[in-house]
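Sequence lines set the chain letters: A, B, ... in the order given, protein chains first and strands last, and positions in each chain run from 1.
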Amino acid sequence: MSAKPKVGVFKFASCDGCQLSLLAAEDELLTVAGKIDIAYFLEATSHIGEGPYDIALVEGSITTPTDALRIRDIRQRSKFLITIGACATAGGIQALRNWADHDEFVRAVYARPEYIETLATSTPIAEHVSVDFELRGCPINRHQLVEVIVSLVAGRKPKTPSHSVCLDCKRRGTVCITVAQGVPCLGPVTQSGCGAICPSYDRGCYGCFGPAKQCNTGSLSRQLLADGTPAPELVQLLRNYNGYAPEFRRESERLAKLNTEDS
Amino acid sequence: MTQERLIKVEALTRVEGEGGLFVRLVGNHIEDVQLTIFEPPRLFEALLRGRKLEEVPDITARICGICPVAYQMSSVHALEAALGIEITEDIRRLRRLLYCGEWIESHALHVHLLHAPDFLGYDSGIDMAKDYPNEVNRGLRLKKHGNQLLEVLGGRAIHPINVAVGGFYRAPRRDDLTALIPDFEWGLQAAVETTCWLATLNFPDFTRAYDMVSLVHPDEYPMNEGRVNSTTGTSWDVRDYEREFHEEHVAHSTALQSSRGERQACYHVGPLARVNLNRDRLSPTARRVADDIGFETPCLNPFRAIIARGLELIHAYEEALDILRTYRPPTIARIKYEPHAGQGCAATEAPRGLIYHRYEVDDAGLVTFAKIVPPTSQNQRQIEDDLRDYLPRILTDDESATARQCEKLVRCYDPCISCSTHFLKLTVQRDG
């Protein structure tokens with residue numbers, strides 16, 4: 001990669017929080033900014049460069065026909081395309097529409113639904129174009145973002161952990177919230193990255209970093225159901241910010257079906 | 001024959017979220033001004049239905065990565081109103097402390113990195129840092145304090161995890177909060193320096209007869225509660241908000257916009273409205289600095305909103321320090337409740353202005369209805385109205401220069417377009 005790679009930051013359906021993480025890296029911002037050429041970052045600068053880009057950081061999910069075309073264009077103009085955050089890697093919370101009647105959703109929000117042009121689904125970027133690296137999280141961990149940028153500049157593969165939040169709780173010495181308090185927790189099936197914050201604040205993990213590698217969602221459901229968590233509640237717990245990620249999606253759909261068969 | 005001209009800003013920069021600006025002129029007559037938004041709708045009000053009420057503060061936080069606390073605070077207060085929950089003074093103070101963290105983080109970012117470059121002629125805060133290293137570094141450090149406070153109290157800075165209906169999942173440990181005091185003491189002085197510096201910037205001579213709206217509380221600067229007051233002298237209970245303030249999905253624009261009263265007038269929310277309506281309830285240092293720099297209220301120059309943000313930055317530091325110094329972990333961090341059917345609303349003050357939420361829940365504690373009105377939807381018509389007035393003064397043959405001037409005016413409102421995703425969609429051009 002050239003000495004000072006050109007970086008573009010692009011937004012699709014999202015809250016801006018993940019690209020804000022770049023501005024929130026206060027200690028690293030000016031140093032990192034000195035190592036890269038910020039060619040396109042609407043939130044930070046009025047300077048707009050056309051590309052091609054060495055690194056494209058993409059936030060948000062695909063929810064409109066226009067955006068489905070725009071991501072192809074960005075892909076063509078970018079050497080490395082990195083998706084940042086749960087919207088970009090899994091469809092985000094707006095992917096709840098994927099299980100709903102989309103037209104009814106639009107009618108519920110808009111007085112004049114005929115003006116609204118959206119797709120019936122919210123899908124991750126990787127369903128539309130090839131992605132070189134996915135950085136998980138809702139929001140992403142800013143240290144991981146800096147690691148991704150620094151490693152690409154150095155020409156090596158980014159190192160981000162893929163073990164579960166559960167392991168981080170053990171490392172922190174947090175008493176297990178499910179075992180001790182009977183609170184449902186996705187820690188055993190969720191990828192590390194947040195620092196296992198929720199259990200340390202006396203609440204269960206709700207899956208911000210998506211499915212951990214080789215997670216056993218079926219086993220966790222079995223345990224939580226046996227502990228008395230109703231199936232519909234488990235379905236919703238799985239259908240959060242990473243609900244449409246394949247492992248969480250399959251399990252929530254299995255549980256939803258189980259629930260219909262039971263009743 | 002008179003020539004039609006279009007002035008376009010394809011992509012507004014240094015704002016949160018993505019939008020543009022579209023002006024159509026015939027000769028020098030302004031035919032149309034639109035703040036166009038190309039944020040795809042995410043349909044939050046629809047997707048909230050059927051979710052457990054406990055999940056609402058987590059979900060609504062995701063409307064905006066810049067001001068998640070505003071969504072969390074508004075939703076917990078509205079749900080507590082629906083359930084008849086009374087929170088304790090301890091919880092109330094911790095919520096104000098959390099909001100201080102967000103105001104500090106958001107205002108420090110906007111003032112130093114997004115807005116100041118407009119007055120000093122730079123494309124970005126990063127470019128500005130070459131010539132103004134002290135100011136930019138000070139801004140970054142102030143912003144970091146806001147984030148640190150959010151991390152200690154909220155668990156993390158973006159989408160905090162510790163906000164619950166009824167209070168907090170866990171009260172912070174005293175040592176964790178008192179450890180912040182030295183930084184906040186430095187920050188208070190730095191915020192004063194920032195505000196004095198902002199007062200020396202050159203402001204365009206442009207004032208408007210604004211109707212400004214903000215919460216007003218009898219004995220504190222407004223954050224989490226109060227009556228809705230207007231500079232026209234009218235005052236409403238929050239429960240009457242929807243009777244006075246309307247959202248419209250108008251035919252010529254696909255944007256849902258807020259307006260006030262029978263005349264459907266535009267109005268202005270945000271730091272300038274708050275300072276104008278609550279100057280005597282700013283913290284002592286903020287009041288003193290306002291006097292020292294000769295900040296006259298009511299201030300009706302939108303460009304001077306950057307000074308109002310500076311004053312609020314001082315206020316947030318001073319109030320946070322007071323809470324940090326006197327903090328004792330409360331015996332009850334969260335009020336217990338049994339879910340039951342009900343409906344409730346609340347308004348709070350987001351960094352960008354008044355934000356209103358209303359929810360209905362059923363006996364099982366599931367959401368059946370949600371309505372969310374963010375600050376930027378309320379300012380949108382005001383911004384367009386300002387531009388109509390401002391354009392004749394700055395209009396030249398150089399359309400890109402004119403567009404840049406317009407963009408600077410838009411940025412005074414610190415618009416948060418991500419927040420608007422549930423009510424706005426792409427506007428290209430209306431029929432001539």
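For the set B/E55, B/R170, B/K371, B/R62, the entry with the most heavy-atom pairs within less than 4.5 Å of chain A is B/R62. For chain B, the option among A/Q94, A/R107, A/R203 with the highest count of heavy-atom pairs below 4.5 Å is A/R203. Residue with the most contacts toward chain B among A/G195, A/C18, A/C208: A/C208 (heavy-atom pairs, distance under 4.5 Å). Highest contact tally toward chain B, considering only A/T64, A/D67, A/I93, is held by A/I93 [criterion: heavy-atom pairs under 4.5 Å].
Of the atoms belonging to B/E151, heavy atoms from both backbone and side chain fall under 4.5 Å from chain A. The part of A/Y241 that comes within reach of chain B is its side chain, from C-beta onward, which places non-hydrogen atoms under 4.5 angstrom from that chain. The contact between B/I59 and chain A is made by backbone and side chain atoms together, counting heavy-atom distances below 4.5 Å. In this structure, chain B has no heavy atom under 4.5 Å from any part of A/A100. Neither the backbone nor the side chain of B/R173 comes within contact range of chain A; no heavy atoms are under 4.5 Å apart. Residue contact with chain A, scored on non-hydrogen atoms closer than 4.5 Å, involves the side chain of B/R49 exclusively.
Residue-environment remark: CG (B/L120) exceeds the threshold of 12 foreign heavy atoms within 6.0 Å.
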* Give the C-alpha distance, both sets of side-chain angles, the deciding distance and a yes or no for salt bridge (Lys or Arg N to Asp or Glu O under 4.0 Å) between B/K52 and A/E233. => CA-CA 8 Å; B/K52 279 170 67 178; A/E233 205 175 309; 3.1 Å; yes

* Checking side-chain hydrogen bond (donor to acceptor under 3.5 Å, both in side chains) for the pair A/N240/B/R51: CA distance, chi angles, key distance, verdict? -> CA-CA 10 Å; A/N240 266 309; B/R51 301 296 299 208; 3.1 Å; yes

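Rounding to the nearest 0.5 Å places OG of B/S124 at 9.5 Å from CG of B/L114. With rounding to the nearest 0.5 Å, the separation of CD1 in A/I38 from NZ in A/K6 is 13.0 Å.
Between A/R249 and A/E253 no salt bridge is recorded (no basic side-chain N to carboxylate O distance below 4.0 Å).
In this structure, a donor-acceptor pair under 3.5 Å is present between the side chains of A/S14 and A/E59.
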